[in-house]
Amino acid sequence: FSSFNIQPVPILLGSEGQKSQGGGDVRIPRLVHHMKRLYPNFDAITSLVDFYGFKGKGDFTVSELEKQLLQEIQSEVGEGGKPILPYVQMHEFEGLLFSEIEDVIDTFNVSPSTAMEFGKIALTFPNPEDINDNSNTAPSKRICKLIPEFNKAVDGPIIAEKTGLEKIRSKCPRFDNWITKLESIENTSQIIAH
């Protein structure tokens, strides 16, 4: 983002009732509350939360959740001000790690049979973002099943960095669209990512 004169400031969604920050318990009211509170302090705000595990989503699609978030934040801060770009990752961040399965395989030096299983998963879906939303088959669950030592918080960023933003964007259209929107924000020096 530096080449676009953008300085992202990632902030974890605060944990309820705790002084420390942490993720989890993602709901529309919590996101609206936190994004509204941060809105005055930044040139633009966005979110990066997973659809998988999003509480109270009911029958909402990812796009409908984003639209609802935008409407509720705008009703709190007013329309026509600084950019507000709610983003919900379909289905979860770990789906992006399937953009280049060789990077997952190399990171853990897996067996040929495990590598073949990763290949089957990647070929089953049109793109990594379509790897389904289910308590047993979500992307992180699939990785953990094949690589029990996989640690989402540690290994996920390592694999994503190894794969690189351009490769991930080329394989993940929703994610690419979000990044493109962020890049197109003019006269913005700081974006808050929640």
**Fill in**
Residues Lys152 and Pro157: closest non-hydrogen pair is O-CD, 3.5 Å
**Request:** Hey, could you give me the CD1/CD distance between Ile84 and Glu72, rounded to the nearest 0.5 Å?
**Result:** 12.0 Å
**Prompt:** Is there a donor-acceptor pair closer than 3.5 Å between any side-chain N or O of Asp176 and the backbone N or O of Cys172?
**Reply:** no
**Request:** Output yes when a side-chain donor or acceptor of Glu76 lies under 3.5 Å from a complementary backbone atom of His33, and no otherwise.
**Result:** no
**Least distance between heavy atoms, Gln68 atom then Phe60 atom** = OE1-CZ, 4.3 Å
**Item:** Salt bridge Arg174-Glu129, side-chain N to carboxylate O under 4.0 Å
**Value:** no
**Message:** Please evaluate residues Ile28 and Phe54 with respect to the criterion side-chain contact (heavy atoms from CB on, under 4.5 Å), reporting the C-alpha separation (whole Å), side-chain torsions for both, the decisive distance (0.1 Å), and the verdict.
**Reply:** CA-CA 9 Å; Ile28 287 178; Phe54 198 111; 3.8 Å; yes
**Prompt:** Is there a path from Ile147 to Met116 through hydrophobic residues (I, L, V, M, F, W, Y) whose side chains come within less than 4.5 Å of each other?
**Reply:** no
**Request:** Establish, for the pair Lys171 and Phe98, whether the NZ or CZ atom is under 6.0 angstrom from the six-membered ring centre and no further than 45 degrees off its axis.
**Result:** no
**Item:** Distance in Å, Leu65 CG paired with Arg27 CZ, rounded so as to fall on 0.5 Å steps
**Value:** 13.5 Å
**Prompt:** Quick check: does any side chain N or O of Ser47 sit under 3.5 Å from a backbone N or O of Tyr87, one acting as donor and the other as acceptor?
**Reply:** yes
**Prompt:** Any side-chain heavy atom of Leu146 within less than 4.5 Å of one from Ile121?
**Reply:** yes
**Asked** Considering all heavy atoms of both residues, which atom of Gln89 and which atom of Leu96 are nearest to each other, and what is their separation?
**Response** NE2-CD2, 3.6 Å
Donor-acceptor pairs under 3.5 angstrom involving side-chain atoms of residues 105-113: please list them, not counting sequence neighbours.
unit_1: Thr107; atom_1: OG1; unit_2: Asp103; atom_2: O; d: 2.5
unit_1: Thr107; atom_1: OG1; unit_2: Lys162; atom_2: NZ; d: 3.0
unit_1: Ser111; atom_1: OG; unit_2: Ser113; atom_2: OG; d: 3.1
unit_1: Ser111; atom_1: OG; unit_2: Thr114; atom_2: N; d: 3.2
unit_1: Ser111; atom_1: OG; unit_2: Thr114; atom_2: OG1; d: 3.1

**Message:** Within this structure, what is the OG1-CG distance for the pair Thr46 and Leu182, rounded to the nearest 0.5 Å?
**Reply:** 5.0 Å
**Message:** Quick check: is Ile158 connected to Leu48 through a chain of hydrophobic side chains (ILVMFWY, heavy atoms under 4.5 Å apart)?
**Reply:** no
**Prompt:** What are the two closest non-hydrogen atoms of Phe93 and Ala160, and how far apart are they?
**Reply:** CZ-CB, 4.1 Å
**Message:** Quick test of your reading of the model: are Lys67 and Glu64 salt-bridged, counting only N-O distances below 4.0 Å?
**Reply:** no
**Request:** Report yes or no: is the cationic atom of Lys82 (NZ for Lys, CZ for Arg) closer than 6.0 Å to the six-membered ring centre of Phe42, at no more than 45° off its axis?
**Result:** no
**Prompt:** Less than 4.5 Å apart, any side-chain heavy atom of Pro173 and any of Asn127?
**Reply:** yes
**Asked** Is Glu183 salt-bridged to Arg169, cutoff N-O under 4.0 Å?
**Response** yes
**Check: Glu92 side chain, Ser140 main-chain N or O, donor-acceptor pair, under 3.5 Å** = yes
**Asked** Does some side-chain heavy atom of Lys141 sit less than 4.5 Å from a side-chain heavy atom of Asn136?
**Response** no
**Fill in**
When every non-hydrogen atom of Ala122 is compared with those of Ile101, the smallest separation belongs to CB-CG2, 4.0 Å
**Message:** Once rounded to the nearest 0.5 Å, what's the spacing between atom CG of Asn132 and atom NE2 of His91?
**Reply:** 6.0 Å
**Message:** Rounded at 0.5 Å granularity, tell me how far CD1 in Ile73 sits from CE in Met35.
**Reply:** 4.0 Å
**Message:** I need the Ser135 OG to Tyr52 OH distance, nearest 0.5 Å.
**Reply:** 5.5 Å
**Asked** Which pair of non-hydrogen atoms, one from Leu97 and one from Gly156, has the smallest distance, and what is that distance?
**Response** CD2-O, 3.4 Å
**Prompt:** Hey, does Ile179 have a side-chain heavy atom less than 4.5 Å from the side chain of Ile168?
**Reply:** no
**Asked** Around atom CD of Glu161, are there more than 12 heavy atoms of other residues, nucleotides or ligands at under 6.0 Å?
**Response** no
